[in-house]
Amino acid sequence: MNKILVKYINFPLQYKKIKKELLGTIENVFESGNFVLGPEVEKFEKNFAKSCQTKYALGVGDGTSALFLVMKALGIGTGDEVITVPNSFIATAGAIAATGAKPVFVDADDDYNINPRLIEEAITKKTKAILPVHLTGRPANLDKILEISDKNKIYLIEDAAQAVGAKYNGKKVGSFGIAGCFSLHPLKNLNAYGDSGIITTQDKQLYENLKKMRNHGLKNRDECDFFAFNSRLDELQAAMLNVKMKYLDKWTKRKREIASFYQKKLSDIIKVPLDKPNEEAVYHTFIIQANKRDDLQKFLLQKGIETKIHYPIPIHLQKAAQYLGYKKGDFPKTEEQTKKILSLPIYPELKKEQLELVVNEIRKFYS
Ligand SMILES: *Cc1c(COP(=O)(O)O)cnc(C)c1O
């Protein structure tokens with residue numbers, strides 16, 4: 001096995017930079033004796049809502065629960081349909097199915113996000129919500145999607161798990177729909193040291209409802225309004241996230257610089273993602289489309305460069321989705337992209353020499 005020169009992900013590098021602050025804040029939490037729903041969670045929720053330009057934010061156990069709880073709180077369940085995409089992490093469709101509702105897929109567009117031109121034909125009397133994913137950290141076409149959700153009187157719920165900080169028409173994602181659902185999983189742009197998630201909303205009633213729903217339906221210590229769930233962000237994670245919030249904009253800026261470097265150096269030989277004028281993507285992933293993708297991936301690994309595929313099997317072709325009755329060929333764009341996509345390493349700590357190595361080896365492969 002060759003030495004890895006460019007890892008796909010390298011958490012210890014980030015840790016090194018903020019170690020002192022992280023360990024300090026952990027110690028404070030231990031000494032405080034508060035571990036669940038305390039001041040650090042409240043502080044993080046306030047911070048997050050502010051940065052997302054929403055009235056409310058509510059910390060929960062993980063991004064999947066964020067999606068599930070929002071749909072539950074909106075009364076979505078058995079007999080309902082929710083429109084989403086087949087090219088996402090399985091959690092998007094999984095959360096819909098967990099409510100009892102049926103995931104209805106709409107194919108992706110060239111930007112990997114839901115194709116708004118195909119949404120209306122998927123709407124039925126049972127459709128309760130559209131759940132677009134801001135895949136790769138790029139906002140979905142929110143103007144068109146909002147127009148459709150308004151016209152058809154169905155909810156727009158944003159799966160913003162990959163897109164913390166991304167902007168559309170100058171506004172942060174997570175502030176467009178009835179709710180925005182974020183994952184703070186270690187692999188996401190704003191990352192905890194374990195599972196965490198957060199929900200944003202402008203809707204007071206939904207917020208109040210969700211606040212009870214994540215905590216057993218309790219309205220106070222002793223009184224329970226309805227049977228619910230236990231899905232809370234804990235103090236240790238929140239404390240560490242509060243540290244990281246201070247760096248998020250800087251890290252995002254650096255990721256965008258790396259993306260722009262890749263774009264400049266590679267756009268003449270492979271398909272690279274490009275920002276549209278009204279979007280500001282945060283590049284959770286940087287996905288190229290490459291001919292002979294599998295060979296390219298092997299070649300790069302031989303040269304010490306790790307890459308990934310997000311995602312190798314579209315959701316409609318997963319065993320879990322068999323009961324929905326989809327088959328190969330139903331979502332041609334997604335299926336076509338699945339064969340070509342390759343995610344290049346993109347994180348703030350990557351060095352110039354590493355980026356140059358990636359670019360040069362890809363060029364070598366095609367020369
Ligand atoms: C990561 C992810 C989720 C799930 O988040 P978890 O925190 O892992 O539960 C949902 N949707 C998308 C698009 C994701 O990338």
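Order of listing sets the numbers, starting from 1, for every ligand and every atom in it.
Pairing each heavy atom of Phe105 with each of Tyr326, the nearest pair is N-OH, 3.0 Å.
Remark: among candidates His310, His185, Lys188, the nearest residue to atom 2 (C) of ligand 1 is Lys188, based on non-hydrogen atoms.
Within the listing of ligand 1, atoms 13 (C) sit less than 4.0 angstrom from a heavy atom of Ser88. Each of the following atoms of ligand 1 lies closer than 4.0 Å to a heavy atom of Gly63: 5 (O), 6 (P), 7 (O), 9 (O). Taking every heavy atom of Thr64 and a limit of under 4.0 angstrom, the matching atoms of ligand 1 come to 4 (C), 5 (O), 6 (P), 9 (O). Near Val133, meaning under 4.0 Å from one of its heavy atoms, ligand 1 places the atoms 13 (C). Per-residue contacts place Thr92 under 4.0 angstrom from the following atoms of ligand 1 (heavy atoms of the residue considered): 11 (N), 13 (C). Close contacts of ligand 1 with Ala91, meaning ligand atoms under 4.0 Å from a residue heavy atom, involve 3 (C), 4 (C), 10 (C).
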Audit row: Tyr8, Tyr347, ring-ring contact (aromatic ring centres under 6.0 Å, His included) steps and yes/no: CA-CA 9 Å; Tyr8 183 74; Tyr347 44 95; 7.7 Å; no
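Atom CG of Leu142 sits about 6.5 Å away from atom CG of Leu156, to the nearest 0.5 Å.
Checking Asn28 against Glu40 by side-chain atom types alone, no donor-acceptor pair falls below 3.5 Å. Side-chain contact, Gln297 with Thr307: a donor N or O sits under 3.5 Å from an acceptor N or O. For the residue pair Asp143 and Asn169, a side-chain donor N or O sits within less than 3.5 Å of a side-chain acceptor on the partner. Under 3.5 Å, the side chains of Tyr56 and Glu208 contain no donor-acceptor pair of N or O atoms.
In this structure the side chain of Asp110 never reaches within 4.5 angstrom of the side chain of Asn115, judged on heavy atoms.
Here's the thing with Gln162: one of its N/O atoms is less than 3.5 angstrom from an N/O atom of ligand 1.
Protein heavy atom nearest atom 7 (O) of ligand 1, with residue, atom name and distance: Ser183 OG, 2.6 Å.
Within the 4.0 Å heavy-atom shell around ligand 1 one does not find His134. Under a 4.0 angstrom heavy-atom cut-off, Gly197 registers as lying outside contact with ligand 1.
With a heavy-atom cut-off of 4.0 Å, Asp159 touches ligand 1 through its side chain alone.
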